[in-house]
Each structure stands twice: as structure tokens, then as C-alpha cells.
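What follows is a set of notes on a single structure, which appears directly below.
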Amino acid sequence: MTDSSFDVRFDAGQADSRWQAAWEQARCFEADSASTRPKSYVLEMFPYPSGRIHIGHVRNYTMGDVLARYKKLNGFEVLHPMGWDAFGMPAENAAMEKGVHPAGWTYDNIATMKRQLKQLGFALDWSREIATCDASYYGHEQALFLNLYQAGLVYRRESAVNWDPVDQTVLANEQVVDGRGWRSGALVEKRKLNQWFLKITHFAQDLLDGLATLDTWPEKVRLMQENWIGKSQGLEFSFDLSNGDTLPVYTTRPDTIFGASFVAVAPDHPLAQGVAAVNCDAANFIALCKKGGTTAAELETAEKLGFDTGIGAKHPFTGEYLPVYIANFVLMEYGTGAIMAVPGHDQRDFDFATKYGLPITRVIAASAGAADAPLAEAEAGDGICVNSGFLDGMSVADAKAEVIRRIEAEGRGTGKTVWRLRDWGISRQRYWGTPIPFIHCNACGVVPVPKADLPVALPEDVDFSVPGNPLDRHPTWKHVDCPQCGKAGRRETDTLDTFVNSSWYFLRFASQPADKPFDQAEVAQWLPVEQYIGGIEHAILHLLYARFWTRALAHVGLIEVKEPFASLFTQGMVTHETYSRRDGPREIYFSPPEVDRSSGGAVLREDGQPVQIGKVIKMSKSKKNVVDPEDIIADYGADAVRWFMLSDSPPERDLPWSEAGIEGCARFVQRLWRLFGQVGMGGAGADAENDIALDRKLHQTIAAVASDIEALSFNKAVARIYELTGAIEKASPSASRSNAIRQLIVLVSPMMPHLAEEAWSQFRLGLVAEASWPKVDPALLVEDEVTVAVQVKGKLRDTLTVAKGLPSAELEALALASEKVQRSLDGAQVRKVIVVPDRLVNIVA
RNA sequence: GCCCCUGUGGCGGAAUUGGUAGACGCGCUCGACUCAAAAUCGAGUUUCUCUGAAGUGCCGGUUCGAGUCCGGCCAGGGGUACCA
């Protein structure tokens, strides 16, 4: 391009790659830790390398990119890195299905996705790229894990997994479909294995308290985490049993104790095990409870089943004996694994009592008079105590305190805090993950691998032709000598949950020495992440684990920060309908390009036969309802795709993908291009005039776009830019107009960086990526006239254009003088006039 | 089951946080330009029984005034600890 001749059309095909090369050559997105400029760490959740990027990635990274570029324009030293959450199940599935090695499959995917991300022109610091499946990453993770072990935050215990009895393998929850293994079709059962755990519960209170400091996190995420942590104040007390033993139970509703009609223990409770040892019906019942998977949803929605042990539990106040059941809906992990059941005020207990014909008593009512109101379902709400002896008439809160006081006075139990949060089970019986760095020795027990021997690397020669853990089957890998006694031992063959990988990657981005996980001082410079952006689906697990891991590292003295993400933004998901066919027990999914939707229905292109159109849900690899952005970039250019991602839908809300709209964005790119070519029109001569209205519009837009970007309200920023563009186009040539065009180039540069560079290059001022955000003149932000609404009885009848700041009395007089108002009043008596200065007048008649 | 969120024209959405509902964009309709098409430009576009009235998922409430606040529903989505 020459100085004066803009081509008629912007050619994204050649401009995109040219500017991408220019940025790379200038290394302008490589973060300099030594810089004296204020630092800004902008991070988007790193992707799983599933094969190709999808629109959800494009949306996520475009948002972060706009913010990162905007921050740079505002003088910040920006860290905006990218990497790969590269361990996980899909690589092993690919190995089983296609016979490819997980490593090869993963690194191929990374190469493809990196190439695709580069096509979008993201301002990323690729010099800090990480792949978690690389031993140079997971070796450091093993070292961190050993630090936590030494601090007592790691332990082993038994825990249940989904067991496929045919394939003889552990299944992920996702691999259990309708209670059956997805490959074998066998009914899944629970099986206990010895597994590794992290003591996240040690930080339960701190994780809860920390939420209060995260005031720029979405309220909904804080609420979800708070509920997940689930602190509850309640009472732990013991029942005396008819067999002479005592049974500790935990309840959050001691106020309802007079409504208890039975006691229930978990199937794996010692009492249940004891009964089963002498009663084969009980043993059979417990075996029955082993059927089915381990998910909370499955446990909660399963039919409530119980087994009457014949044991009685003596009510501490009434002295009455309540039957003790073994029940499938009681969880050993929560409280004491035993409950007092109050059917009137807990729905699970209600369902159970109804099924087994147990009494259902109301003990909480709206008023004393409603003590005998029938219960159609459990009522969990507030009220006062009824049918409850000495508690009658008390509020729920008072009754809780009173019961706790009496039980404590009698020495039967204590008020106690329990948490819903459970320790983090991190063992996976899989190959493609971080090996847990321990060695089992018959003499020494479980021995940590010495740090000098890290990383414990995965063996490359593994066999995926049969189900199960290839590490465990490997002929030599696990056979090593004990580091303590030197005798033959064997390696731990479990690998770490992939959520561990994503619990500290943001630290490694900030600092990546070869000999240790990170440098403490360098981490302190960049952390916390100023703005973290990712999908709402990570609201609980990933974000809670990362918060925990950061605390744990602070606990062992490796870092100073406690909260890794100062500000969080959860983008909505990109959604699309699904296409599938049923094949026996499993659903076969098809991707949108495989399906022809032109006829209104949906047929598979391959065979012309119909496929089922499913719900509009989040795009996911497993459902194949994904769209490939690369084709769209090829057709319309990166800037049109980026613009489309930012337009219309508010970023926190779901974005239903449709091809309609992208063409409009491509047209807008060309419209801007034509406008940018007019920068020299009318602005140079001595007779050039100012256009105060356009100046105002420009400065209002600069201010609004800045605050919209800072609030991540990109759709609003986009609308502002459309308005300014329209206003400039309509304006006559003037110095103001030329200036506005020039500033507009900078305004759109975070969103459409290639187009902006191409247009900016006519000024020979270097890269627009390294320019400055325009300054706002506050005097130009204020309008001198306002439009005021005039209502009669709350209904709009007229509008008035008046000077800003007009006194209320004058505004009222003007409104009453309005012909439309008088017609609408029709002679009625004016009773009241409400005046909101500069906004509205409401006349009440 | 439980926790959380969302619901506004044909479509995506905006609404100064209780003050003119539908900004801006897409789509569509009509017009200009053109031999023609594309592109571009201009006008229009919530609905109806249309001098008016109704209208922000449904039912009710608070208020001079409710998309916004409160109560109760309905529908869709996310999470539910081994999908990431």
C-alpha cells in the first residue's frame, strides 16, 4: 500500500499474515519482567488440545486479546500467555480407537491449534508456551506435590470408583451411560480402591473467607463456591442403641429433633458392616447398594432403599426407640455417615418414610394454630416449633440453640461445624497424566521419589489394545528399587487428576526457570492475574482447586499470594444443536458439516437418511456439535471473525452459533476500510473547520468504549463504534472529521488489529499495536440539551427538549403547558407532579 | 434430587441500575445507482380491532412509575467432585 492510494477493498487474505509476521518480528507481545511499566497479567483458561480450535475458544481468546491490547495501548507491560492443558482422557480414547500414541496425537493437535490461533492474530507471548504433558512441566508438578506431601497435605485412603466388571477397568463418570459402561454395556458398580487425596478441607474456612475479598468475581460464582464448600452449623450427638452400643449422628436441624421417626446409616458405615457380618439379608442389601455409579446426581435420584436392622435408637428426649435403617441415600463421606431422619422437613426422609410406612410428624409450622396442618411434602422452610415438647413456640433459630445447649449439658454431644466440601481425590488409574512420584516398598511402605530423581517420566512404549491402566501392565516401568532401603519396590501407577495441571500453570507462565517450578520474586511481580477469563462451566471445580493449590503453595512458603485471580470473568458458552443416531446402548453423534439442514429437517450427507436433531447445548467434542473457525477465517478474514465474536451477545451469556451475521461483520470491515481511506479529506487546509457535534461524539465514544472494554462489555463497545462510524460518514469534510477517522483506527485496533495496522501504516508512525489510547477531553463529554419525558399517570404523552439543568418548577410548568398533556388530562384535577430533573415529569391526576 | 444462571420484536440484543421499552447489528421490504447482478447509498420494519390500545416467559404484589424490586410458578442452560 502506498501513502495515498487505498485499495478499494481490504484484502484480509494477504494483510492478516503480513501483520502477524510484523508483530512477531517486533516481538511486541513478549512480556518483559524487567520492565518498569505497570504490569498487567491477562489470562484466558488454556485449552485442552482436542484437535482443532472451536468457536468457543475463538470467543474466549478474542475477549482476552481485546483487553490485553487495550492495556498495552494504555501503557501497561502486559503478560498474555498461552499453553495447553494437554493431559486427559481423550488422548487415551484416541489411542484405543485409532491406534495412535497419546503423545503423538496430543502434539499433533497442539501444532494444529497453535497454527489456528496464530491465524486470529492474538497478541500472545508464545515464548512462554507450556504443554502440561511435557516432562519439563509435570516434573516440576511432581516436585510441588512432594512439597505438599512433606507439609502433610497429602494422604491415602479408600474411596469408591465406577467399576466396569466386564472390561475390568475404572470408568470416568462421563463413561457411564444410563448406569452402564460405555464400551462393554455392563452394569457399573462401586468398588473401593486405595487412592491419593489432597487435604483441601484443611483450607475450607480460608477458601470461604477468601470469597468475600473477591468482589470483582461474578456473584453467581462466589455463591456456587460458597454452597459447594457448604459450611453448616449443626449438632453431633449419640443415640443409645438397643444393642448397648452408641451411634453418633450429625444433623443441621436439631430444632426438628422431635420429628425424628427413624435413624439411617450409610451402607459402608461400621454399624451396617457389623450387621451384615451376621445377617446375610443385610449383606445382600449392602451388595445391592453397590450397584450403580458414584455421582451425586445418581445417588440422589436413585430410588430410596432401606434395610431395617432391627436395632432401636433411643430418642434423647422422648425415650422412644426409633428403628435404625441402612439406607442408600446416606453418605459415609458427610458428617458421621449416620443421620436422624425427619420426614416432615426433609424431602429425602419424606420419600423414604412414605415408602416404608414410617411416621411423618409436623414439628415446624407457620403458626401454633397450624400444628396439625397436613404435610403433602417435606417443608424445609422457617417457622415455629410445634409438637415438640419443650421447644413448642420457639423459632427455628432459638430451638437449634436450645437443643444444642441441652445435649451438651447432658454430655451426649456437641454443636459442630461440618463442611460439604470433601478432600480432593487425585488418583487416576490412567496412563496420560502426571505420574504420582512415589514408590511402594514392602519394608519401608510408601516412599517419595527423591527430588533428584524427578521427573518420573511416562514410559513411551505402552499398549492400549486392552482396557485398564497401561502403566500397571507395563513390563518394566514400575519395577524400581526402594530409594530408602534399596530393595525391590514398585512405582505408584496412578497418575494425577488433570485438574492438578491447571491448578498452577498461571504461575509457570509468570516465571519459568529450568531448575525449579518458578521463581518466587518473578511470580510476585505478575501475580495475581489481573483478569482471568474462561467458561462458566469451570465456576466450581477448576477455580476452587486453583484457589486451593495457590493457598497450599503459600502454606509451604513457595509463594506469597493466596488468591490467584484478582478478577474473574465467566463467558457464556457457544452453543449449537446436536445431531445423533441411536446405536444400541450408545448415541452416535455427527458434526454440523456432516449434516444437511437445508430442507428444514436434518439428514446425513453420507447416506441421505435423517438424523435426530438434539437440544442446543454447549459445543463439545464428545457431542460433535462444533464448528471449525478456520473455514470462516479463510472466507472472511480474522478481523471479521473477531468482530463477530464481540458483537451482539453480551459476553457472559451463551452465544448460539449461526453463520448469519458474519457476512455483516465482513461488510463492516470494508466500510471502515473505505472510511479510513478518507482521512486526508478536508482536514489539511487553513480553511478546515471544526465540527463540535462530531468532536463530542468522538470523545463520548472514546470514553464509552474504554469503560465498556474495562467492564468486558464488548457488545456495547461494538455498538458505540457503529454509531461513531455512522456519525463520521454523515459529517462533512473537516479537521474534526479527519481527526475522528484517525482516532477511530486506534479505537478499533484491539478488536480488528490487522485492519487497524493496515490503515495506521499510512501515517508511518510504527505499529498501532504500540500506539496510545486517545485522550478524552472531559469538556466534550457533556451535552447542553436533554430530552425529558412527560408522562400522565405513568404513561408517556410528550417529550420536551430543554436546556440541561433546567429547574424543576420550570420543567413542571412546561410539561403542564403541553397540548398533548392537556388533551390527555381532559380537564381532570392534577393531584401530584413528580419531577426528575433532566429525565422526566410524571403528572398524576 | 441439590446448587447456580437465563427468559425483551422475525433473530442477537440495548435500556443511564426504579424514570421515554426495542439503542446498535442481522434479516426482511421498498427505493436509488446499474443493460443486469454484486457492492454501495437512502427509507421502513414490536403487535393489534390503529385519532387509540396492548406489550419484556406465566400469575400476583409494592410504587406516581416495574424489563429492573418482592412472592409463587413454567421453560431452557451450567455444575454436581473421574469430561475439560
Side-chain angles (χ1 to χ4, degrees), chain A residues 8-9 45 47-48 50 85 87-90 161-162 170-176 200 218-221 223-228 230 293-302 329 333 347-348 351 420-430 497-499 502 535-542 544-545 570 572-573 575 615-618 620-622 644 647-650 652-656 658 660-665 667-668 670-671 674 715-716 718-723 726 729 787-791 793-799 823 831-834 836 839-845:
Chain A
V8 179
R9 292 185 65 78
M45 292 177 186
Y48 179 78
S50 55
D85 190 12
F87 274 138
M89 259 191 348
V161 294
N162 299 309
V170 177
L171 298 177
N173 289 332
E174 190 190 48
Q175 297 172 316
V176 180
I200 188 172
E219 179 68 24
K220 61 178 171 181
V221 175
L223 251 177
M224 280 190 267
Q225 292 212 356
E226 186 181 327
N227 291 334
W228 185 262
T294 57
T295 69
E298 211 177 331
L299 295 172
E300 292 276 342
T301 54
F329 66 93
E333 280 89 2
Q347 192 58 42
R348 290 164 302 181
D351 294 344
R420 208 189 76 98
L421 182 68
R422 307 197 302 257
D423 275 337
W424 179 10
I426 44 170
S427 280
R428 298 292 180 271
Q429 293 72 37
R430 276 187 260 287
D497 181 2
T498 56
F499 274 125
S502 52
I536 182 63
E537 67 271 25
H538 295 294
I540 298 177
L541 293 182
H542 161 59
L544 192 64
Y545 290 147
T570 54
M573 287 162 302
T575 58
K615 287 176 185 167
V616 177
I617 54 169
K618 77 158 171 169
S620 78
K621 187 88 175 158
S622 63
F644 180 69
S647 306
D648 295 350
S649 278
E652 71 277 9
R653 217 181 288 181
D654 287 353
L655 172 69
S658 77
I662 183 72
E663 289 191 15
C665 292
R667 278 202 298 273
F668 184 61
Q670 299 302 337
R671 191 174 147 202
R674 286 190 300 274
N715 57 321
K716 295 188 205 170
V718 163
R720 301 282 191 181
I721 287 171
Y722 275 122
E723 285 183 26
E729 285 170 338
T787 305
V788 172
V790 181
Q791 300 178 332
K793 287 184 279 188
K795 292 196 172 160
L796 184 73
R797 294 302 173 190
D798 202 358
T799 58
R823 200 191 315 149
R831 294 207 323 250
K832 193 174 171 186
V833 180
I834 286 131
V836 182
R839 294 232 59 85
L840 113 169
V841 179
N842 187 11
I843 298 158
V844 187

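All chains are named by letter (A, B, ...) in the order of the sequence lines, taking the proteins before the strands, and each is independently numbered beginning at 1.
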## Note on the structure
Between R797(A) and L171(A), whichever has its closest RNA chain B nucleotide further toward 5' is R797(A)
### Summary
5' to 3', nucleotides 21-27 of chain B under a 4.0 Å protein heavy-atom cut-off (B base, S sugar-phosphate only, - none) gives --BSSSS
### Message
Applying the Watson-Crick and G-U wobble criteria at under 3.5 Å, what pairs with G76(B)? Answer none if nothing qualifies.
### Response
C5(B)
### Message
Once you measure the plane-to-plane angle for Y722(A) and F668(A), does it fall in the parallel (<30°), tilted (30-60°) or perpendicular (>60°) bin?
### Response
tilted
### Task
Look at the side chain of A789(A) and decide which nucleotide, out of A81(B), G12(B), U20(B), has an atom nearest to it.
U20(B)
### Query
Does N173(A) get its side chain close enough to the base of C82(B), under 3.5 Å, for a donor-acceptor pair?
no
### Summary
Any strand, both distances under 3.5 Å, Watson-Crick or G-U wobble: U29(B) pairs with A43(B)
### Spacing of E652(A) atom CD relative to G13(B) atom P, expressed in whole Å
10 Å
### Message
The side chain of N842(A) is closest to which nucleotide in this list: C82(B), A81(B), G19(B)?
### Response
G19(B)
#### Entry: Nucleotide opposite U49(B) in a Watson-Crick or G-U pair, distances under 3.5 Å
none
### Summary
Scanning all shown strands, the Watson-Crick or wobble mate of C24(B) with both distances under 3.5 Å is G12(B)
### Query
Reading nucleotides 2-7 of chain B from the 5' end, what letters show protein touch, with B for base, S for backbone sugar-phosphate only, - for no heavy atom under 4.0 Å?
-SSS-S
